[in-house]
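Bear in mind the structure is a predicted one, so any value in this text is a computation, not a measurement.
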Amino acid sequence: MSAPSEVAKVDVAILGGGLAGLTLAIQLRRQFPSLSIRIVERRRHPVPPAAHKVGESSVEIGAHYFDTVLGLKEHLNSQQLKKFGFRFFFSEGREDLDGVTELGASRYLSTPTYQLDRGVFENFLGEHVRELGVEFIDGAVVRSFDVGTQGAEHWVRYEVEGRQHELRSRWLIDASGRAGLIKRKLGLQQDNAHNANAVWFRIGAKIDVDEWSSDATWLNRCDPPYRWLSTNHLCGEGYWAWLIPLSSGSHSVGIVCDAVTHPLETMNTFEKALEWFRVHQPRLARELEGKQHLLQDFCFLRNFSYGCKQVFSGDRWALTGEAGVFLDPFYSPGSDFIGISNCYIADLIARDLQGELINGRAHVYQQIYFSFYESTLALYTNQYAMFGDPEVMPVKVIWDYTYYWGVLCQLFFQRRLTDLANLSRLSDHLNHSRALNVAVQNFMREWSKVSARRNDAVLLDQAALPWFAELNRGLRDQLDEEAFRARVIEYTALLNSLAAEIIERACGEQPSLDASEVRKLLSAVPPTMSESLLFTKAA
C-alpha cells in the first residue's frame with residue numbers, strides 16, 4: 001500500500017454502507033444538515049438486484065421507519081412491492097395448498113409494509129446519501145481502527161484501490177453486519193439459546209401460489225386475489241419456508257429450521273434443498289423443478305441468532321443492525337431493530353452535540369433496547385416444534401401480533417423510545433406485558449405438545465377480527481402524551497383478555513394443561529373484555 005493520504009476528520013464515521021449504515025446516515029443528515037458523515041463500505045456500488053442480501057420482508061416498525069421517519073415513501077411505492085401481509089399454510093407433505101388451514105388477511109390492512117428488493121433499495125439509498133452530501137466511500141476495506149475512550153477521538157484506517165486512508169471521528173458507528181468489527185475488537189460477542197439454521201436462494205422467476213389452485217372459491221377468498229404478494233410461510237414441525245416476491249421479478253425462497261430437527265446438512269446445496277422440499281413441501285418442489293438455470297444465488301447460515309454485551313457507549317460509539325444483535329427471520333424483525341437502534345443513536349448524537357453528558361442515557365437506552373431484544377427472542381426460543389401445528393400456531397401468531405402492535409409499535413410510532421419520563425410512569429404496565437408474553441409463550445409451547453393439530457381447509461381471516469384490524473389501523477394515530485398513556489393501559493388490558501381467552505380455550509380442550517403461570521399474572525389485573533377475541537373456529 002502507498003503511504004496514507006492526509007488524515008480526514010468527520011463528526012460521524014460509519015463502518016458499513018448496507019441497510020443499517022445508509023439509513024442512519026439519511027436520518028442524521030435529515031436531522032442535522034451540517035453534520036459531517038463518512039460511510040466506509042466494502043462492497044462496490046451499484047450492487048446487483050435480487051441476489052444481494054437476504055431480509056427482503058419488512059413489518060410495521062421497519063416500514064414506518066423507511067417511509068415516514070426517513071421520508072422514502074415515493075421510492076417504496078414506485079420501486080418496491082406493497083406486501084399483502086404475512087400468510088401461513090400448514091402444508092407439510094401436502095400438494096393441495098387449498099386443502100389446508102391458511103392464516104392471513106383477506107384484504108390489505110391499513111398500515112403499509114413492503115417487500116424489498118435489497119439490491120434495488122440499497123442502490124437507491126447509496127445514491128440518496130450522496131445527494132444529501134454524505135461521503136459514501138464504496139470499495140473500501142477497513143484495515144484497522146481504534147476506539148477512543150474518555151473523550152478521545154476514534155481512528156479508522158481503510159484502503160481503496162491500494163491506497164491507504166486515515167480518518168478521525170467524534171462518533172464511530174459499526175454497521176458492518178455480521179463482520180461485527182467493534183464487537184470482535186472489544187469482545188462483545190454473546191450467544192443466546194436459539195439454535196436455528198437457514199438456507200435461502202433467489203430465483204429469476206415469479207412463484208405465484210395463486211396458480212397452485214383452480215378452486216374459484218379459494219382464489220376469491222382474498223381481495224385482491226394476490227396471495228403471491230404476501231410473505232408466504234409454508235409450515236411444518238420444526239421449520240418454515242418463505243416465499244417473498246421481489247420488484248425485479250425474482251423470488252426469494254428460504255428454509256428456516258430448528259437445528260436438531262432439520263440438520264443443515266440435509267439442505268445446504270440447491271440440490272439437497274430441492275430434495276428436502278420434495279419431502280416436506282412437494283408443491284413448491286414441483287414449482288422449482290427444471291428451474292436450476294434460473295438460480296441467482298444460494299446461501300446458508302448455521303446458528304444465525306446471537307446477542308451482544310453492549311451496543312451503545314458514552315464514549316461515542318454504537319452498534320446498529322446485525323453488527324449488534326440478530327434474532328430470527330420469522331416476523332422479519334431485522335429492519336425493526338435497525339430503525340430502533342438508529343433512533344437511539346441519533347438521539348445520543350443530538351444530545352452530545354448540545355453538550356449533554358450521555359453516559360447515563362446510553363446505558364438506559366441500551367437497557368430498553370435489550371429488553372426489546374429479549375422479549376422478541378421469547379417468540380422464537382424452543383418454539384419451532386409448534387410451527388407445524390394448525391391449531392396452536394394461528395393463536396400464537398395472533399398473540400405475537402397483538403404484543404408487537406400493542407406494545408413495541410406504540411413506542412416507535414408515537415416517538416416515545418427516548419421519552420424516559422413516560423416510560424417510567426408506564427413501567428408497571430410495560431413490565432407486566434413483557435412478563436405475560438413470556439408466560440403465554442411457555443403455555444402455548446406446552447399446549448402444542450398435546451394439540452389435536454386439526455388441519456381443516458379454512459381461511460383464518462385476520463381481517464375478519466374487527467379488534468385486530470383496528471389495532472393495525474390505530475398504529476397511524478397521532479397521540480398526545482395523555483392519549484399515549486391511555487393507549488398503553490388499554491392495550492395492556494387487551495393482552496390480559498387475550499391471554500385469558502387463550503388459556504380458557506386450551507384448557508377446555510386439554511384440561512391437564514398447567515396455566516398457573518399465566519393465571520398468576522392475570523390475578524393482579526383481571527381481564528376486562530367480554531367478547532371473543534379469537535377465531536370462532538377452534539384454532
Just to verify, what does [X] make a side chain to side chain contact (heavy atoms under 4.5 Å, CB included) with, not counting sequence neighbours?
| X | value |
| --- | --- |
| A140 | V40, I137, Y158, V160 |
| T381 | A193, H194, L377 |
| Q462 | L103, A105, V397, I398, Y401, F468, F535 |
| P466 | none |

Is a side-chain N or O of [X] found less than 3.5 angstrom from the main chain of [Y], in a donor-acceptor match?
| X | Y | result |
| --- | --- | --- |
| S58 | G62 | no |
| N303 | N195 | no |
| W399 | L498 | no |
| S213 | D215 | yes |
| Q80 | D117 | yes |
| D456 | V100 | no |
| S341 | I338 | yes |
| S448 | R445 | no |
| S78 | E74 | yes |
| N123 | V47 | yes |

List the residues meeting side chain to side chain donor-acceptor pair (under 3.5 Å) with K272, not counting sequence neighbours, and say none if there are none. N268
Using side-chain heavy atoms (C-beta onward) and a distance below 4.5 Å, is [X] in contact with [Y]?
| X | Y | value |
| --- | --- | --- |
| N437 | V407 | no |
| L243 | L284 | yes |
| L288 | F277 | yes |
| S57 | K83 | yes |
| R43 | K53 | yes |
| P282 | R94 | no |
| S247 | Q79 | no |
| L494 | L533 | yes |

Does the salt bridge (Lys or Arg N to Asp or Glu O under 4.0 Å) test come out yes or no for R130 and E127, once each step is laid out? CA-CA 5 Å; R130 284 173 170 149; E127 294 172 1; over 6 Å; no
[X]: partners by ring-ring contact (aromatic ring centres under 6.0 Å, His included), with sequence neighbours left out:
| X | answer |
| --- | --- |
| W242 | W240 |
| F86 | H233 |
| H280 | Y239, H262, W276 |
| F84 | Y108 |

To the nearest 0.5 Å, what is the distance between CG (N197) and CG (L301)? 8.5 Å
Would you please indicate yes or no on a ring centroid separation below 6.0 angstrom for [Y] and [X]?
| X | Y | value |
| --- | --- | --- |
| F270 | F201 | yes |
| F337 | Y369 | yes |
| F121 | H52 | no |

Between the side chains of T320 and D174, is a donor N or O closer than 3.5 angstrom to an acceptor N or O? no
Polar contact flag, side-chain donor to acceptor under 3.5 angstrom, W405-E60: yes
Out of E56, Q115, R87, which one pairs with T231 under the side-chain contact (heavy atoms from CB on, under 4.5 Å) rule? Q115
To check you understand the geometry: which heavy-atom pair defines the closest contact between [X] and [Y], and what is its length?
| X | Y | result |
| --- | --- | --- |
| N192 | F326 | ND2-O, 4.3 Å |
| N472 | S110 | OD1-N, 3.0 Å |
| G324 | Y306 | O-CE1, 3.5 Å |

Evaluate the criterion side-chain contact (heavy atoms from CB on, under 4.5 Å) for residue pair T101 and F89; output intermediate values, then yes/no. CA-CA 6 Å; T101 297; F89 296 96; over 6 Å; no
Under the 6.0 Å and 45° cation-pi test, does R227 pair with W212? no
side-chain contact (heavy atoms from CB on, under 4.5 Å), that's the test. Do Y65 and F412 meet it? Break it down for me. CA-CA 9 Å; Y65 178 64; F412 192 85; 3.9 Å; yes
Could you go through the salt bridge (Lys or Arg N to Asp or Glu O under 4.0 Å) check for D297 and R202 one step at a time? CA-CA 6 Å; D297 67 343; R202 269 62 67 106; 2.7 Å; yes
[X], [atom1]: over 12 other non-hydrogen atoms inside 6.0 angstrom:
| X | atom1 | answer |
| --- | --- | --- |
| R42 | CZ | no |
| F124 | CZ | yes |
| E265 | CD | yes |

Sort and list the pairs that fulfil salt bridge (Lys or Arg N to Asp or Glu O under 4.0 Å) and have at least one residue in [range], not counting sequence neighbours.
| range | result |
| --- | --- |
| residues 282-294 | E95-R286, R278-E289, R283-E287, E287-K291 |
| residues 393-405 | K396-D400 |
| residues 375-388 | none |

Evaluate D138 against R44 for salt bridge (Lys or Arg N to Asp or Glu O under 4.0 Å), listing each step before the verdict. CA-CA 5 Å; D138 62 324; R44 290 196 174 277; 5.0 Å; no
Is the ring pair Y380/Y331 parallel, tilted or perpendicular, if the boundaries are 30 and 60 degrees? tilted
Please report the C-alpha distance between E211 and K206 in whole Å, then the side-chain angles of each, then the deciding distance to 0.1 Å, and finally whether the salt bridge (Lys or Arg N to Asp or Glu O under 4.0 Å) criterion is met. CA-CA 11 Å; E211 296 179 350; K206 176 183 175 182; 5.9 Å; no
Before accepting this row, confirm whether a basic side-chain N of the pair E509/R454 lies closer than 4.0 Å to the acidic partner's carboxylate O. yes
Go through the steps for F136 and H45 under the test ring-ring contact (aromatic ring centres under 6.0 Å, His included), then give the verdict. CA-CA 10 Å; F136 179 30; H45 272 230; 4.9 Å; yes
